[in-house]
2 protein chains.
Amino acid sequence: MSKRPTIIDVAKAAGVSKSTVSLVLQNSSSVKEETRALVHQAIKDTRYVYNRAAANLRGAGAGLVGLIINDLRNPYYTELAVSVQMKLAERGFATSIGNSDEDPALQEQLIASMIEHGVSALMIAPAYGGDVAPFKDIQQAGIPTIQVLRSTGFDTASFPLFSMDYDAGGILATEHLLENWGNNVAFVGGIETHDITIERKSGYLRKMGEAGLDPVSFHGKANRRFGYETALKITRDRPDIKGIVTFNDLVALGMLAGFAQAGVKVGSDIGIVGFDDIEEASQCFPQLSSVRCDVKTFGQQTADVLLNWVEENKQPKAQVRYPVDLVVRASSSKT
Amino acid sequence: MSKRPTIIDVAKAAGVSKSTVSLVLQNSSSVKEETRALVHQAIKDTRYVYNRAAANLRGAGAGLVGLIINDLRNPYYTELAVSVQMKLAERGFATSIGNSDEDPALQEQLIASMIEHGVSALMIAPAYGGDVAPFKDIQQAGIPTIQVLRSTGFDTASFPLFSMDYDAGGILATEHLLENWGNNVAFVGGIETHDITIERKSGYLRKMGEAGLDPVSFHGKANRRFGYETALKITRDRPDIKGIVTFNDLVALGMLAGFAQAGVKVGSDIGIVGFDDIEEASQCFPQLSSVRCDVKTFGQQTADVLLNWVEENKQPKAQVRYPVDLVVRASSSKT
DNA sequence: CTGAAAGCGCTTACAG
DNA sequence: CTGAAAGCGCTTACAG
């Protein structure tokens with residue numbers, strides 16, 4: 001009741017030395033099956049709980065992985081965080097999480113905190129505009145770290161970048177709209193200078209260029225509100241635009257609301273394709289066509305890669321891009 | 001480069017003993033200002049990083065708080081998790097997170113993991129149907145723990161319950177619909193047997209009872225899909241229903257899509273009130289009336305209470321309910 | 001206000 | 001296959 005039992009208590013109860021208990025705890029193969037059973041019974045009897053702080057101090061891994069996300073409220077990143085956390089748990093690791101809220105200063109603080117806590121590895125969807133200093137600290141601490149879903153133009157040799165083939169996604173969306181909704185196709189959403197916007201827009205720009213068409217874009221925060229406002233603006237100022245590729249589904253969903261408000265029928269008056277294919281895309285009205293970025297599978301596999309790096313010292317490739325595809329639904333199917 | 005510096009290295013650099021360094025690290029008031037400055041300089045020079053594992057082992061708090069959520073993908077809980085995590089970070093605590101995915105077995109595993117990691121406190125939005133065993137373990141480990149947003153009928157003396165006044169919310173929503181949309185008001189969503197469903201429905205049942213009306217309910221998972229399907233079903237089978245209180249906004253948002261699909265105009269043919277007032281409620285079309293449960297403020301304040309429990313040993317009250325109010329928007333304003 | 005000493009609960013070579 | 005011993009990097013009384 002009073003004190004947490006230690007391996008010494010377990011050792012006494014099992015009638016072995018504490019080293020043996022430690023070995024059993026680590027699933028070492030050099031312990032007789034019989035002894036192992038004895039120890040496990042003693043663990044139950046004493047209600048022993050492993051003390052990771054002590055183990056960690058002595059050099060064992062902390063069994064904790066840090067996950068830092070630029071915007072955890074965005075369902076795309078929520079899904080990433082959940083799939084990563086659940087995969088880590090499956091492999092026996094706890095997850096320390098932090099939302100940097102797109103703020104490099106907060107991100108720096110989170111990184112420092114996680115280093116202090118001795119995380120075994122780090123996965124970061126970075127905020128833009130940060131300093132390199134915290135990354136230097138990570139490097140010095142020797143913590144395996146993967147950047148995900150957003151490039152910051154950062155050293156990918158030390159910090160591999162795992163992302164999606166956004167460029168291909170932009171091509172698919174643009175081709176589809178050009179074929180079905182004529183030449184006036186616009187790109188909506190995303191801060192113009194961010195690398196991820198450049199990536200998600202590149203396919204659109206290329207396709208428009210190849211077709212000899214002038215690209216039109218509306219840049220801004222990648223959220224519902226911006227989509228909503230831009231839908232109203234397009235209705236008012238650019239009724240000639242008939243096809244829209246959005247930076248992400250959130251923007252597209254906001255546009256759905258805006259066009260509904262304005263009385264424009266999406267799917268017959270105008271075609272829209274989102275980006276990410278979050279769950280809601282198939283559950284709104286009209287259902288939203290979207291570039292499917294299967295972030296759940298992405299999260300699981302990337303977590304596996306990171307853990308393999310930790311456990312087997314297998315350093316991943318400097319850059320990996322997962323494929324994407326286009327899911328066509330009512331928002332871009334002429335009725 | 002090779003080895004992480006320790007307080008001994010810092011002590012050498014500063015020309016003091018390691019005890020003094022430790023004292024400075026803990027902001028003890030019994031160190032001369034001059035010495036303190038010396039030590040801080042040495043910390044910078046040596047690029048020292050505090051080793052929490054060692055501190056923790058010696059009895060200091062881990063500086064880690066565990067957060068276990070039944071459904072982290074639900075935006076209401078995402079917002080809770082984010083606001084809690086950010087408040088904890090502000091107060092110098094890291095957050096270990098786990099999504100139990102409504103699975104009591106997973107929840108049990110997460111609790112075990114967090115106890116192992118020596119969390120200083122725990123906040124749990126519980127899954128239903130769990131065993132008491134893991135809670136016994138928490139109790140034995142003496143970890144301050146608050147249950148949030150969902151009651152499980154569990155011992156609130158040991159595990160205080162912080163939630164919202166759902167009952168009052170149900171009353172507000174029902175009164176509003178009864179006044180504006182006639183007597184045929186239904187309740188939609190939520191698993192019938194869950195305590196939280198009973199709480200969120202209680203105000204509706206009472207108001208209907210007082211008005212001498214028969215309640216009508218459609219129970220099921222609290223998600224968009226169920227809302228969508230129920231909207232189609234109501235259109236087909238119960239066109240007499242003119243007002244709807246939903247279990248949460250997700251269900252209401254699904255109904256918006258379903259009614260749009262069916263050609264029923266929400267806000268003129270039928271009135272809907274959601275529950276939670278997640279951000280999307282004000283960014284969909286038509287905008288959704290909702291019972292506002294300010295989960296962001298709730299999360300921040302509850303995190304503060306939990307940390308005060310940890311740091312000042314102030315045990316919170318057994319049960320606390322935050323007030324809610326009704327936000328009326330287009331979905332229930334007759335046009 | 002600061003230093004010397006003990007000890008937190010583990011893991012890791014090293015013997016046997 | 002198992003035991004005795006050292007030590008990880010801190011904190012905490014206890015002297016001075």
Side-chain angles (χ1 to χ4, degrees), chain A residues 2-40 42-43 46-64 92 115-120 141-142 311, chain B residues 2-40 42-43 46-64 92 115-120 141-142 311:
Chain A
S2 51
K3 218 170 55 92
R4 262 170 75 162
T6 73
I7 51 168
I8 297 190
D9 300 311
V10 176
K12 269 184 201 145
V16 300
S17 86
K18 65 172 178 156
S19 315
T20 305
V21 175
S22 179
L23 259 8
V24 170
L25 255 20
Q26 293 166 83
N27 254 307
S28 160
S29 55
S30 61
V31 179
K32 222 189 329 184
E33 199 43 62
E34 207 183 311
T35 315
R36 183 188 305 280
L38 224 55
V39 170
H40 276 131
I43 287 175
T46 53
R47 308 197 111 254
Y48 169 75
V49 184
Y50 187 61
N51 184 331
R52 281 186 184 273
N56 189 15
L57 181 55
R58 200 61 193 77
L64 222 208
I115 296 178
E116 269 193 23
H117 281 277
V119 291
S120 305
E311 296 188 325
Chain B
S2 51
K3 216 170 57 91
R4 262 170 76 160
T6 74
I7 51 169
I8 297 190
D9 300 311
V10 176
K12 269 185 202 141
V16 300
S17 86
K18 65 174 178 155
S19 315
T20 306
V21 175
S22 178
L23 259 9
V24 170
L25 255 20
Q26 292 166 83
N27 254 309
S28 161
S29 55
S30 61
V31 179
K32 223 191 324 185
E33 199 43 63
E34 207 183 310
T35 316
R36 185 189 303 281
L38 224 56
V39 171
H40 276 132
I43 286 175
T46 53
R47 309 196 111 252
Y48 169 75
V49 184
Y50 188 62
N51 183 331
R52 281 186 182 271
N56 189 13
L57 180 56
R58 200 61 193 79
L64 222 206
I115 295 178
E116 271 193 22
H117 281 278
V119 291
S120 305
E311 296 187 325

Using whole Å, report how far NE2 of A/His117 lies from C1' of D/dG9. 16 Å
Under 4.0 Å protein heavy-atom contact, by nucleotide of nucleotides 10-16 of chain C - B base, S sugar-phosphate only: BBB----
When you check the phosphate oxygens OP1 and OP2 of D/dT2, does a side-chain N or O of A/Thr20 lie under 4.0 Å from one of them? no
Tabulate below the donor-acceptor pairs under 3.5 Å that side-chain atoms of residues 21-28 of chain A make, not counting sequence neighbours, or state none.
unit_1: A/Ser22; atom_1: OG; unit_2: A/Gln26; atom_2: NE2; d: 3.1
unit_1: A/Gln26; atom_1: NE2; unit_2: A/Ser22; atom_2: O; d: 3.1
unit_1: A/Ser28; atom_1: OG; unit_2: A/Ser30; atom_2: N; d: 3.1
unit_1: A/Ser28; atom_1: OG; unit_2: A/Ser30; atom_2: OG; d: 2.9

Report the distance from atom CG of A/Leu57 to atom P of C/dG7, rounded to the nearest whole Å. 17 Å
Are B/Ser30 and C/dT2 close enough that a side-chain N or O sits under 4.0 Å from OP1 or OP2? no
Starting at CZ of B/Arg36 and ending at P of C/dC1, how long is that distance when rounded to a whole Å? 10 Å
Would you mind telling me which of D/dG3, C/dT2, C/dG9 lies closest to the side-chain atoms of A/Val16? D/dG3
What's the spacing between B/Lys18 NZ and B/Ile8 CD1 if we round to 0.5 Å? 5.0 Å
Can you name the nearest heavy-atom pair linking B/Ser120 to B/Gly63, along with the distance? OG-N, 3.4 Å
Please give me the minimum heavy-atom distance between B/Tyr48 and B/Thr6, naming the atom from each residue. CE1-C, 3.6 Å
In this structure, how many angstroms lie between the C1' atom of D/dT2 and the CG atom of A/Leu38, rounded? 13 Å
Nearest-Å distance, CG (A/Asp9) to P (C/dG9)? 9 Å
How far apart are the closest heavy atoms of A/Leu57 and B/Ala54, and which atoms are they? CD1-CB, 3.6 Å
Heavy-atom nearest pair, A/Ala14 first then A/Val39, reads CB-CA, 4.1 Å
Look through every strand shown and name the nucleotide pairing with C/dA13 as Watson-Crick or G-U wobble, where both distances are under 3.5 Å. none
